[in-house]
Colleague: 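Right, I'll just put the structure down here and ask away after.
This is a predicted model, so every value here is computed, not measured. Here is how names work: the chains are called A, B, and so on, in the same order as the sequence lines, proteins then strands, and each is numbered from 1.
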Amino acid sequence: MKNADETRPVDPFFEQVYAVVARIPPGQVMAYGQIARVLGFPRSARQVGRAMRHCPDGLPWQRVVMANGDITGGVYAPLRRAMLEQEGVYFLPDGRVDMARCRWQGKPEDTENK
DNA sequence: CCATTGACGAAGA
DNA sequence: TTCTTCGCCAATG
């Protein structure tokens with residue numbers, strides 16, 4: 001049994017989004033469009049954001065930010081920023097995430113052995 | 001079925 | 001570099 005009893009319909013796209021987000025290592029972040037691209041839907045950045053809006057507990061939703069490094073989440077945006085800061089994410093003086101240094105490639109292909 | 005909205009992103013001014 | 005506009009795509013009214 002999987003979700004027959006669950007009143008929540010499981011969308012493959014949503015599940016994939018959650019899977020990728022769960023793989024983001026501490027100190028690194030990913031953009032909505034970047035996640036969509038990894039899943040094979042480079043035009044569905046907004047749908048990724050829609051999935052994050054319904055993000056389940058246990059998911060590092062704080063590591064998902066905008067492509068320009070801006071943080072979403074409304075009133076919780078500053079909270080997310082503090083959590084990322086605690087993980088070692090670099091920030092710009094403007095309060096945005098330093099994507100140039102913290103953007104996760106999504107595919108670690110031999111990070112040490114280059 | 002059409003109009004509006006949205007945790008996006010790139011391009012233009 | 002900041003602000004505005006347009007395009008994408010699905011959900012909602």
Colleague: Round to a whole Å and report the spacing from CG of A:D70 to P of C:dT1.
Modeller: 14 Å
Colleague: Identify whether any heavy atom of A:R50 sits under 4.0 Å from a base atom; if not, whether one sits that close to sugar-phosphate; answer base, sugar-phosphate or nothing.
Modeller: base
Colleague: Looking at A:D70, is its backbone amide N or carbonyl O close enough to the side chain of A:N68 to form a donor-acceptor pair, meaning the two atoms are under 3.5 Å apart?
Modeller: yes
Colleague: Rounded to whole Å, please give me the gap between CD1 in A:I35 and C1' in B:dG9.
Modeller: 14 Å
Colleague: Expressed in angstrom and rounded to an integer, what is the separation of A:F13 atom CZ from C:dC8 atom C1'?
Modeller: 12 Å
Colleague: Using atom CD of A:Q47 as one end and atom C1' of C:dT12 as the other, report the distance to the nearest whole Å.
Modeller: 13 Å
Colleague: Would you indicate what A:M66 reaches in the nucleic acid, counting non-hydrogen atoms under 4.0 angstrom: base, sugar-phosphate, or nothing?
Modeller: sugar-phosphate
Colleague: Are A:Y32 and A:M66 packed together at the side-chain level, in the sense that at least one heavy-atom pair is separated by less than 4.5 angstrom?
Modeller: yes
Colleague: Hey, does the side chain of A:Q34 reach the backbone of A:W104 with a donor-acceptor pair shorter than 3.5 angstrom?
Modeller: yes
Colleague: Have a look at A:G73 and say if it touches a base, only the backbone sugar-phosphate, or nothing, with a 4.0 Å heavy-atom cut-off.
Modeller: base
Colleague: Counting any heavy atom closer than 4.0 Å, what does A:D94 reach on the DNA or RNA strands: base, sugar-phosphate only, or nothing?
Modeller: sugar-phosphate
Colleague: For A:R96 and A:S44, take the nucleotide of DNA chain C holding the closest heavy atom to each; which residue's nucleotide lies nearer the 5' end?
Modeller: A:R96
Colleague: Between P on B:dA7 and CZ on A:F14, what's the gap in Å once rounded to a whole number?
Modeller: 12 Å
Colleague: Specify the separation, in whole Å, of atom CE of A:M83 and atom P of B:dA7.
Modeller: 19 Å
Colleague: Would you mind reading off the distance between A:R43 atom CZ and B:dG6 atom P, rounded to a whole angstrom?
Modeller: 23 Å
Colleague: For B:dA7 and A:R53 - does any side-chain N or O of the residue sit under 4.0 Å from the phosphate oxygens OP1/OP2?
Modeller: yes
Colleague: Measure from CE on A:M99 to P on B:dG9 and round the result to the nearest Å.
Modeller: 8 Å
Colleague: Students often get this wrong, so: under 4.0 angstrom with heavy atoms, is A:A31 touching a base, only sugar-phosphate, or nothing?
Modeller: sugar-phosphate
Colleague: Base, sugar-phosphate, or nothing: which does A:R37 touch, judged by heavy atoms less than 4.0 Å apart?
Modeller: nothing
Colleague: Inspect the surroundings of CZ in A:F41 and state if more than 12 heavy atoms from other residues, nucleotides or ligands are less than 6.0 Å away.
Modeller: no
Colleague: Considering only heavy atoms and no angle criterion, is a donor-acceptor pair shorter than 3.5 Å present between the side chain of A:R46 and the base of B:dC8?
Modeller: yes
Colleague: Is the backbone N or O of A:V64 less than 3.5 Å from a side-chain atom of A:R80, with the two atoms forming a donor-acceptor pair by type?
Modeller: yes
Colleague: What nucleotide among B:dA7, B:dG9, C:dG7 has an atom nearest to a side-chain atom of A:R80?
Modeller: B:dA7
